[in-house]
Structures are given as structure tokens and as C-alpha cells.
> 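First the structure, then my questions, so here it is.
Since this is a predicted model, take the numbers as computed values, not measurements. Every chain is numbered from 1 and lettered A, B, ... according to where its sequence line falls, protein lines coming before strand lines.
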Amino acid sequence: APQAAAGRAAEASAGTGPADELRLGYFANVTHAPALVGLEEGLFADALGDTKLTTQVFNAGPAAIEALSAGAIDATYIGPNPSINTFIQSAGQSAHIVAGAAIGGAALVVRDGIDSPADLEGTTLATPQLGNTQDVALRSWLASEGFATDTTGGGDVHITPTENAQTLTLFQQGGLDGAWLPEPWVSRLLADGGRGAHVLVDEADLWHVGAFPTTVLLVRAEFLAEHPETVRALLEGHVASVAWLDDHADEAPAAINAALEAETGKPLANEVISRALEHVTFSVDPHAETFETLVANGLEAGTQKDGSIDGLFDLRLLNELLEEDGTEPVSAGGLGEE
Amino acid sequence: MSSQTADHTAIRIERLGKRFGAGPLVLDDVNLSIEAGEFVCLLGASGCGKSTLLNLIAGLDRPTAGTIDVPTQGAAVMFQESALMPWLTARQNVELALRLRGVPRAARRGGALELLDTVNLADAAEKRPHELSGGMRQRVALARALAQDRPVLLMDEPFAALDAITRDLLHEELERVWRRTGRTIVFVTHNVREAARLGQRVVLMSSRPGRVAGEWRIAETEGRRIESPEVAALSIEITTQLRKEIRRNAA
Amino acid sequence: MSSQTADHTAIRIERLGKRFGAGPLVLDDVNLSIEAGEFVCLLGASGCGKSTLLNLIAGLDRPTAGTIDVPTQGAAVMFQESALMPWLTARQNVELALRLRGVPRAARRGGALELLDTVNLADAAEKRPHELSGGMRQRVALARALAQDRPVLLMDEPFAALDAITRDLLHEELERVWRRTGRTIVFVTHNVREAARLGQRVVLMSSRPGRVAGEWRIAETEGRRIESPEVAALSIEITTQLRKEIRRNAA
Amino acid sequence: MPHDALLEEPPGATTHPENDDLRSLEAGLDRLQTDADRAPNAWRRFTTSVVPPIVFVLALIAAWQLYVVITQPRPDLAPGPLEVAAAIGGAWESGRLQLAVATSLERGVLGFLIAVVVGTPLGLLLAEVKPLRRAIGPIISGLQVLPSVAWVPAAIIWFGLTDATVYFVVLMGAVPSIVNGLISGVDQVPPQLRRVGTVLGAGPGRLATLVVLPAALPGYVAGLKQGWAFSWRSLMAAEIIAVGGTIGFGLGSMLDQSRELADLAGVLATILVILAIGILIELVVFAPLERRMLRRRGLLQGGAR
Amino acid sequence: MPHDALLEEPPGATTHPENDDLRSLEAGLDRLQTDADRAPNAWRRFTTSVVPPIVFVLALIAAWQLYVVITQPRPDLAPGPLEVAAAIGGAWESGRLQLAVATSLERGVLGFLIAVVVGTPLGLLLAEVKPLRRAIGPIISGLQVLPSVAWVPAAIIWFGLTDATVYFVVLMGAVPSIVNGLISGVDQVPPQLRRVGTVLGAGPGRLATLVVLPAALPGYVAGLKQGWAFSWRSLMAAEIIAVGGTIGFGLGSMLDQSRELADLAGVLATILVILAIGILIELVVFAPLERRMLRRRGLLQGGAR
Ligand SMILES: Nc1ncnc2c1ncn2[C@@H]1O[C@H](COP(=O)(O)OP(=O)(O)OP(=O)(O)O)[C@@H](O)[C@H]1O
Ligand SMILES: Nc1ncnc2c1ncn2[C@@H]1O[C@H](COP(=O)(O)OP(=O)(O)OP(=O)(O)O)[C@@H](O)[C@H]1O
Ligand SMILES: [Mg+2]
Ligand SMILES: [Mg+2]
């Protein structure tokens, strides 16, 4: 299988030495806090040494995947579903997940008057993007509740993938009955949405451990094969960043907000960011064991092609680092190298 | 338009002047009276104002000075381009004229076919203009002009764009129609021989401004052909005069 | 094209036949020989194959059967539409012909102006075709054809689209050029009088298929005018024959 | 002078030898001057104008498939024709294709019809009323230069993510085309035809309905055709950009969805469907309309094309 | 027969009285048949064709301002002209406007030039090589029907959010127009001109350069003009849809940004700028080019427009 070949290449050839430049993508979003903090605190730069770091900010997963596929970036923070998607679409040739980044932080927020899943019949709900992590989660949850949905907005519950900012506006204006969103939008909708906005389902409740991946670190397969040293340095920065977030829980909101303000021009309200951070956990474990379920859900929701994700993970570099630090290695769940 | 004219005069033009906007005088002090049933040829070089004069007679434009008296029923007009409606068949083109004249629907088809037969086009009634040759188109236009049933027929170089053979035939055709219907015809042309061939009277116009520069009458018009010696003799006379007019502009 | 012909014969056509694709025979067994310096008018009704014959002589098309001998230098051609390049001035149009003939750049301007003066257009040298009247355009085309400096000049109804006054003048102009340059001219026309006015010889073609249907020679051509009695007499004779040919197609 | 009197032949005139002579001469000349209708050879037309592009496209597809088979590129960056066909098939089976085509066509056609209803009187008004035309004409021409996609953001703010946004953009795209087409159609009416109408005794009303409008038809149809093209373009732009909200699922949304799923085969499949619909509408609706009209007027060029 | 011999007058010929007669007659006729050049009245043209639209636009703006002042609508749904002007001013001061205009213009012009370089030889090839044209011509015409916005998703997948995406979309929009313009230009070359060229002794090479190409110029320029319009449209579509990545900040991005900030005044301001640039390019580049060419050929219609 090609992915196995790529993996072997990374192992055997040790590439062509460190890259001159690492182009990293991320979103200006709370669930991408390791990236924001790593950049803000200079953790990546420290780790990368001579390799120049350039960054690109994306609004949504597809754009990041497109940039990755077109070779415009080398690595990106992204949700698990777009990662699965590109891996399957490219028959395993496009990219590998090298680490986890964030867990949790998504929820279904609905208007007044919807208090149980049964009340959702005939409503219109938004998700950030067709086939993204929250979109798939909403569809599979609705299916488990016995509602039919489809990707064209039909069915018992109408799902309309809409940009997050638009979702807030539409919800305020009454054009939407609810939305399954990641942080900080859950908190923003609760704070600014009006119309009695409240959480109907917290995604954390759906998974047996309350742990499900929201953000992972994805690296272009070719880059990984050619410059494992650089990826290792990136991972060093990433691990340091996650550790920083763990250690500085009180400073984190301000640091994240500063990064957000630099990117989007507007900081989040204090209560929004603190509520958001309460619901997100940062961890380098990608929780690989949940991915088979994610694939099954995506298939069921009709947002994904059928295909193997065997080889999606390449956690060897991460585990090397963790080993050096003396921490527990993480598992690839049988879906790649660990 | 204007008042009915005296018994035998179909068209009376007096001290007519015309200029367009602030341009130069195009027609100046034109005097002409045309009798009912007369066939008058208006001859002149390009741009001398023949079309302008014809349009004034047809009521398509207003004179700057002077008066024009024409029969109250008005005049039918034929142009150099047949100006048939390209989306209508030959018959429908003639029917349009009948319709605008107020002929009831039921009578139109028959009337149109009859008129087309007059110009020997009964077989081509269902053809569209682009399927007809230039000569056939002008014959349809003639049938259409006849459909208007007006006592005066004004023709502005109707045969200028046709080939010589067709033109000769149409001269005969036109003469036949004229003799049969007794219309008053004012025929504008560049062609000295055509004028001498067709007209009972030839009026030569000068250029810049247009004035009547000469007039010739032909006593016997029956059985004339364009090659006839009388036509040739008259042509030489008119040509000499015409060339004199043209040379005047050389300086 | 083909071999140089015998001393006095400029063009020799033998047993010429032409059909387009699988269509009917357009020309059938045409035999004609034209002497150097002769002025021949080719007369026939529309569609009888005059242009086809002329194109064959010009080498623009290939015969289906038979042979055509023309001078090795080839022939200059003038068409009904002047076909001047609309983006070039009168002078540049003539210069283009000189350039394609291989005249060196320095000599072109003078040559072109001289040729334009020949057709009395020295004043209009810097005008573009659309600024010229139809007659002036045809004179530029004549100058261009003269610029080619070929012994044979083929003309396909060059004056058909002009008004009668201009046409008469161009007849005189053409005759003057012919006398001065001694070209062999083949002149295609519909117009019996034009043919009788210009040609030393008039060749009448029949229609469908085109064949030579009659020939007339004019002994004395000096000082002829279109209104001359000899022209009229010849016209009547040719017209009668032509009408017979046309009537043949009525059935 | 009664009409019939004019046409009445003097007794015996039809048998007058001279007249008969003239008739046979005219008949002979007419016969010579009109070519026999050549039946357009359908088979020949088929082999010279339908077969070559089809062969070319098939060759292109074969080359593409060959390339994919030989070089085995990443399927998400260079899917083969089979995968694209499979994507069309999959979309058809799931019913998404039919839904998208129906939605887009409905919007396109409805939007176009509204544009016709709005544009036609506006065009007539501008064509006939000189001062209005001087004032508004340049603005309309200017609007035709503005990419209608630029209206999408404004429309989203005004109408939200609803169908009104889509229709607004379609209208802004199509109306200027239709108006300008009609104006240039009326402009191209030969003044001679108007004068003939006047001479024949038509007042302004009948002149407009019996002469000017039918004469302006070719320009109008050309404007309609272009208007449709702009409707379709604008619709696709609006559908691609304005996704979500209560906007239904059209071809543009399908394109955008495929893109979001990084499904290039789906993207190419949708492009093919959009292209096919564009060509189909042109072939089925406008081409026959235009051809029939031009043929009736003898404006159709020889079949060399 | 040497050239000069042909033109040599027999001695005394110029003073031959008959010849003089002919000359004066011809001169008289030429004088009669050509109108004196009427100098186009610039002032009149200005008052009849420039003033009315400007007055109309000013009146429109005044009415809009009045409406805003009287009804006091929500400024985010109906900003007044002053606010839009302020938005333009603000964008200018911050330098975003200049940046966006420069970026978009650079891309539009560069993309258009590439399209010309690609489209011109392709068009010539298709126009002159019949079999190629039969095979590829319909495909090119078909591509012209395809909204170029449909290429944006595919281009994004292929090239990511980079400038290559923008250029690809611009090319797909402009090339078919230019090719078709050139083909129809060559088609419209009167066959008579080609035959004259042949008769004058031009071989295929000189026929193409001295006759066919200059004769096809009007169609080519029309194609270029339309190609530019399509470049500009496609560019805006690409810029609006493909934001982020390494794609520079153009007018489309500015439009999209204003929309995301729900800043309708900014959206309208950007639309006005896009419109102004489209009209300006047309007025400054294509209109004079076209007018000069048409005037030289006498194809310019009377100034009624
Ligand atoms: N609508 C108009 N506006 C301004 N000038 C005009 C108008 N119509 C004609 N003229 C001018 O009036 C003069 C006479 O024109 P007219 O068309 O009557 O001449 P004509 O004798 O019919 O010429 P031709 O034989 O070429 O048809 C010309 O100089 C022409 O320029
Ligand atoms: N390229 C062609 N292909 C097929 N048929 C042709 C072609 N050119 C001419 N013909 C046919 O050949 C016949 C003679 O045409 P030609 O143009 O030579 O006639 P003509 O005598 O010049 O007519 P006119 O006086 O109208 O110019 C016509 O019936 C015409 O239809
Ligand atoms: Mg006139
Ligand atoms: Mg001919």
C-alpha cells in the first residue's frame, strides 16, 4: 500500500536534511490555541532553529487541505474529518497526522423552546462546514436520535452548513433554530445569540471518555518524508506549546486573545474566552482509537467516501519526543506507525 | 398634407425651398406642376436634392419655404431598395399594404394575389424577399405600391440597383402598368436614357442648390424602346445640358 | 497557368468545361481566342457563367475540361465591388499592388501618385475608400489594376453598381486608358449598350450551360458615344438575340 | 377611384401578344436569377460538424484515461474520467444531482423570465424615448461591465442567505444584457422600413407593432441569448458564494460542497453538468429560435460553419 | 513591357481638349459626390452624450440621500451616499483601496495579456486550419458558455489559495472569447479581399500578413474587448471566492471582507470602484482603439449613440 511505502521512506531514508522553511497553517480559533500560543510565545521558533517559519491563517478546513494538497503549506492544525477526507481521497498519499492538539469544545446550541431531541423535528440547524468534524457529529447524532438528514438540506431536520459568523447573525435574526459549533462559537452564541440560546447536547457527553479530537496536527506526506528533522522540531514546539497551556491556565486566555486580536482585529469577550477554555482540553494525543468511529459516522452522514485510513497516523516522531520527556507514548490505534 | 388641386393638376409645387437644420439650401425656388396621369422623370446628378423633393411631395418631410399641393388621398412611394419586410412573404408584404389601407381581412389574400399576378409574380407569392432576385423584389414593391390605391406614385431610383437586362424589362412592365392604371408617376433617376425612355416629360435639376434647370416633353411615347433613335437623340441633348451642370461644380 | 501563346493571340480558350463539385455543368465547350490589344465584351444574363469564365482566365480556379492559354505574366483583375483594402488610403492601395509586384519601396510612392493622376484622382490620394464615391473607388481599383502592369486586364462588371452618369464617364475614362496603354481587355457585363459602347468585339453567352451564343465585331470604335446610332443599332440586334436566349429558359 | 377599377384589365389585354412576350421574358429571367433550393444535406452536415468535435472529445478522454493509468497520479489531484463518471453516477443515485439540476434550472429560468419581463419594457422605453436613453443608456451599458458576482456580497447583506439573494444577482446580470440587446435591435431597424410603414399609412402604434418590433427581433433574440448566458453565469456565482442559510441546493452549491470535501472528481463532474446544461439550453432553445428567425429573413450564412 | 512605358502619355496628350473635358467633368462629379467633411462638434457631443448621464447619476444620488435623510433607515441595511463616500475615503486613507486596486488591476491586466498571448495563435490556427476548427471550435464555443466561476473550486484544489488559481480562472474566462473573436474576425474577411490579394500576387504568407490579419482586425479587437470583460469578471469571482492563503488583497477580497464585517457601505463602495475601473478601462483603452479602427475603415455609425 502506498501509505506504508511512505512510512517506510520516512523511516529508511531519513530525508534530505532539515528544510529551509516550514510553512504552517492554523485557524484563528480557540481550538487552535497550541498554534496561537506557540507562535505568540516563540516556542516554534525556538524549536525550529535555522528553519524559517512562515504561517498562513485559514477560516475553514477545506482551504487548509487545498493549500496542503497544492504544496502551499507543509503542515497545518486542522480538524480530524478534513484530515480523514484528504487521506481517503488521495488514497493515502496526501498527509499524515503527527499529533493531536485539542479535545472537546463542541456543542449543539439551540433556541428557546427546544428542550429535548424530539423538539428538533422540522428545525433548521447550522454547522460550520459540510463534512467537518461538527457537521459529521451532528448528522450522526441526529441519526442516532432517529432523524433523517441529507447533504442537500432536506430530511426531518434541515442541516445547512453556514459560515460561523453568518450563523451567529442568522441565529439572532431567527433564520436558524440552532447550531452545532466548536469553541469559541458555542460560547459566543450563548453570550450574544439571544433567543434563549442554550446547550442541548455537549459533544463530550457522547463519547465514552468524554475525549474526542477537535484539532490535530497534519503534515504533508512528502514533507514528512523529506524533512523528518524539521517535523520533529515542529513537534517539539507543539509539545512545548501544549505544555505551556497546561502550566499557564491563568495566562492562557489573555495570550490567546492577544493572538486572536492580532489575526482578526477583534478580541473575544472575557466571559466567552474563559467559558470556551473550560470546555476545551489541549493534548498531544490524537485519540486515534476514535477515528474508525469518525469514519463510520462520516460515511453514514454521506459526507465522505468509503476508504481505508490505515496509515493515517505517523506518531513515531511524537513518541520519540514523549519518550525523551519520559511521558507515556500515545497510540496510533492500529492506524499507522507509533 | 394639403388641399385638393384644380381639375387636371395632380401636383403643384410653388417656390419650394428646403434646408436641413443649419446646413446649406438643398432646394431653392422649385416650381413644378404635374398633371393627373402624367409620367414625369426627375433627372439630376447625385446629391442634387431629388430624393429630398420626392420626400417633400410624399409628405415624409416639411418644406422650409413654399407650398406643395397633392391629392388628398396622398401618394404611394417606391424606393431604390425594395424595402420589403424581410420577415413577410411576397404576398404578406402586399397584404400589409392592404391591411394598412383598411381592406377587410377576407379580401386581402385575393387582392394581394391579383396584384402579384399583375406584375407576373403569382408563382412567387409564398417566397420571402431573400429568395427573390432584385428585379422580383422591385416588382413586389411595385405591387405593394399599387395596393395602396393612390392616384400618385412616387418612385425614387427604383431600378438603379438592378442589372441592365432586368431594368429594361421593368421599364416595359412599368409602362404597361402606367398605361393600364392611369396613375400620375414621378420617377427620379440618374439615368438620362432611362428618363428619355420612360417620361412624357423630363425635368433636369441643377445641383447645390437644386433648381429646375431644364425641361423636355416627348410627344409620342407609345412603342418606345431604350434603343429607339428618338430616345438616343433626346438623350444626347439632355446629356449635354447635364454635363454642363456638372462641370459648373468642378471649379 | 499555361504557356505563352502565339504572336498575336493573347488568350486562347479551347473546349473549356467547368462544373462545381457534383453540380450541373456551368460552362460547356467554350471556345474563344482574343488577340493582343483587343477589347472584348462578354455579355450574358445573370448566372450564365461569365464570372466563372473570368476566374478561370485569371487562374483563380481550374477548369474541369479544356485548356486556357494566357500570357505568362498573368492578368490583372477588377471586380464589381472595388474591393479596396478599407484600412489603406487610395495611394496605399495602389502601393500595395506595386509592393506585391516587387517595385522597390522608394519608387512606390511616386508610381502610385502617377497612376492615381492617370485616373484623375491625384487630389484624393490620401483619402480612405469610405471617403470616396463609388465611381472614385472604381477609378482607384483601375489604377491598382494598372499598377500590376500585366498585359491582360480582366474586368467583371466593374461599373454595374455605379449610377448612370458616373458609368458614362468611366466608359470614356476606360477607353482612354485602353487606347493609351494598349492592354488586352476582357470586360464582363449585363448591359447590352455598355458592351456595344465599349467592345471591339461582343461575345454573347447562353445560360445553363454557358456557351458562346453569338459574336459581333465593331469596325470603327473611335469617337463612339453610348447614344450613337451605331451603338443603338447594334444594341437592338444583340438584345433580340439575348431575349431569345432568356426566353429559352422560361419553359 | 375604387380599388378594383385600377386592376381591371382592358378586355383582351391578357391575350395581347406584346404582353405575353413580356411575361415569358420575365419568367425566363426569374428562372435564371433564382437558384433551385439546394436541400441541406443532413448527413453531410452531421459528418462535418457533429462528428469531429465528438471524436476529438473522445480522443481527449482516452488520452486522459491513458495518462491516469500510466502515471498513477494522486487521485485527489488528478482523477481519471472513470472516477468523474462514477461521481456523476453517484450523485445521480443519491438524487443530489437531480435535485441540484432542478433547483438551478428553476432559478435560472425563473430569474431569466423575470429579467425578460423587466428588461423588455425598459429596453423599448429607452430605445424609443431619446432623452431617457441619453441619460440612462450609458448607466445600463456600464452595469453590463460590472461583474454580477460583485453584487453577491451586497445581496447577502440585504436579503440574507435566501433565494432572494440569488434572484437579485441573476437579475442584475441579465437585465442590462436584455435591455441593450433590445436597444441595439431597434437601432438596427433600417430607417427605410419605418418610412415604408409611414408611407403605407401606419400610425405610431401600428408602426411599432407591425414594423419596428418584428424588424428588431434579431437583436432582441441575440440580447435574450446573451441575457440567458449572464443569468446562468450569475446564478452559478451566487450559488457558489452564497451557501447555507435557507438557500436551496443548486449546482453551484454542489460544486462548493465537492470542493469542501476535497472531492475533485465531484467538482469536475459538476463542471461538466453545468457545461452540458449551458450547451443544451443553447442548442435546444436559442439556436433553433435564432436559426429559424434568421433563415426566414435570409440572414443565415452558408453552412460553412 | 516595362512599367513606365505603360504610363507614358503620348506627347501632347495632357493638353488634348477631349481629355481636359473629361477631367473637368470628373472633377465636377467627384465634387458633387463627396460631402465636405463635417467637423464633429465636440461641444454638442459633450452636451448630448456626456451631460445627461452625469445629471441623471447626480439626481439619483440626491434622491438616495434625500431618502436616507427623510426615512432614516437602518444604516447597516441602507447606508447613504455620504457614508459610501466616507467608506471610499477611509479605504483610501488606510491605503487598502490603492492596494486592492493595484493588485486587481495587475492581475487583471497580466491575466488578460497572457490570455492574449495564448488565445491569438490558437485563434489563428483554428481559423486557418479547417479540420482543427471543426474538431475544436465547438469545444471552445462551449467553454465560452461555461461560467468561469465554476472553475474556481477546481482551481483552488489544484493550485490552492495562490495567485495561480486566480490566473487560471482568468485564463479560462478570457481565452475562449479571444479565440472566438479572432475566428469570427477572420471569417468576416470578405472573400473578395483574399482574391484581390491573390490576383495582386501575394503568396500565402503575405496574404496573411498584408490582407487577412488587417482585415480581421475589427473582429479581433471586439474579441479582445470581450476577453477583457471576461477577465475582469472572472477575476472578481475568483477573488471573492478564493480568499486567504497567499492570495494577495484585491478588490474581490475587499468586497468579501466588507461583507464579513457586515459593512454595507464598504460593499457598495467597492462595487462602485469595480464598476468605475471597468468603465474606465473600456473608455480609456478599448473605446479609442475601436473608434480609431472603425473610423479609419468608415465603419463608424453616425453619432446618434
Ligand atoms: N436628413 C438630412 N440631413 C442633412 N442633409 C441632408 C439630409 N438629407 C439630404 N441631405 C443633403 O441634401 C442634399 C440632397 O440630398 P438628396 O438625397 O435629396 O439628393 P439626391 O439627388 O437624392 O441624391 P442621390 O442621387 O445620391 O440619391 C445632399 O447634399 C445631402 O447631403
Ligand atoms: N463556387 C461555386 N460553387 C458552386 N456553384 C457556383 C460557384 N460559383 C458559381 N456557381 C454557379 O455557377 C453558375 C454561374 O455563376 P457565375 O457567377 O459565373 O455567373 P455570372 O454570369 O457571373 O452571373 P452574374 O451576372 O450574376 O454575376 C451559377 O449558376 C452559380 O450558381
Ligand atoms: Mg436620392
Ligand atoms: Mg458574375
Side-chain angles (χ1 to χ4, degrees), chain A residues 2 60-66 68-71 81-95 124-132 135-136 150-154 158-167 169-171 173-176 179 221-222 298 302-307, chain D residues 68 71-80 83 86-87 90-91 93-104 153 156-165 239-268 270:
Chain A
I65 291 296
E66 285 148 7
L68 202 71
S69 287
N81 278 84
S83 311
I84 293 170
N85 213 356
T86 180
F87 189 81
I88 291 179
Q89 292 279 7
S90 67
Q93 299 172 45
S94 61
T124 303
L125 303 179
T127 61
Q129 190 118 36
L130 183 77
N132 94 328
D135 186 64
V136 174
D150 64 34
T151 54
T152 61
H158 312 298
I159 299 181
T160 158
T162 305
E163 217 182 302
N164 293 334
Q166 285 285 333
T167 297
T169 317
L170 284 169
F171 185 82
Q173 292 170 352
L176 289 173
E222 284 160 22
T303 60
Q304 197 177 283
K305 272 197 203 165
D306 197 3
Chain D
V68 168
T71 68
Q72 297 276 0
R74 263 174 61 178
D76 60 334
L77 293 186
E83 282 160 278
E93 257 164 44
S94 69
R96 294 167 73 234
L97 181 62
Q98 294 94 310
L99 177 67
V101 169
T103 311
S104 285
I156 291 180
I157 294 181
W158 277 320
F159 306 111
L161 291 172
T162 64
D163 280 351
T165 292
E239 284 187 354
I240 290 177
I241 299 175
V243 278
T246 61
I247 289 188
F249 182 79
L251 281 167
S253 335
M254 188 159 142
L255 202 57
D256 195 61
Q257 265 193 8
S258 302
R259 179 205 140 192
E260 289 186 348
L261 301 177
D263 175 12
L264 188 57
V267 168
L268 293 180
T270 315

> Find out whether A:Ser69 and D:Leu77 are in side-chain contact, i.e. whether some heavy atom of one side chain is under 4.5 Å from a heavy atom of the other.
yes
> Could you give the distance from OG1 (A:Thr160) to CZ (D:Phe249), rounded to the nearest 0.5 Å?
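Reported to 0.5 Å precision, the distance equals 11.5 Å.
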> Do the non-hydrogen side-chain atoms of A:Glu66 and D:Arg259 ever get within less than 4.5 Å of each other?
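Yes. Closest side-chain heavy atoms under 4.5 Å.
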> Measure A:Ser94 against the heavy atoms of chain D and call it side chain, backbone, both or neither at under 4.5 Å.
both
> At what distance, to the nearest 0.5 angstrom, does CD1 of D:Ile156 lie from OG1 of A:Thr169?
11.5 Å
> Take a 6.0 Å sphere around CD of D:Glu83 and say whether it holds more than 12 heavy atoms from other residues, nucleotides or ligands.
yes
> Taking all non-hydrogen atoms of both residues, which atom of D:Leu261 and which atom of A:Asn85 are closest, and how far apart?
O-ND2, 3.1 Å
> Is it the side chain or the backbone of A:Ile65 that comes within 4.5 Å of chain D heavy atoms, both, or neither?
side chain
> What option among D:Arg96, D:Arg74, D:Gln257 has the most heavy-atom pairs under 4.5 Å with chain A?
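Winner by heavy-atom pair count: D:Arg74.
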> Where do D:Asp263 and A:Gln89 come nearest, in terms of heavy atoms and distance?
CB-NE2, 3.4 Å
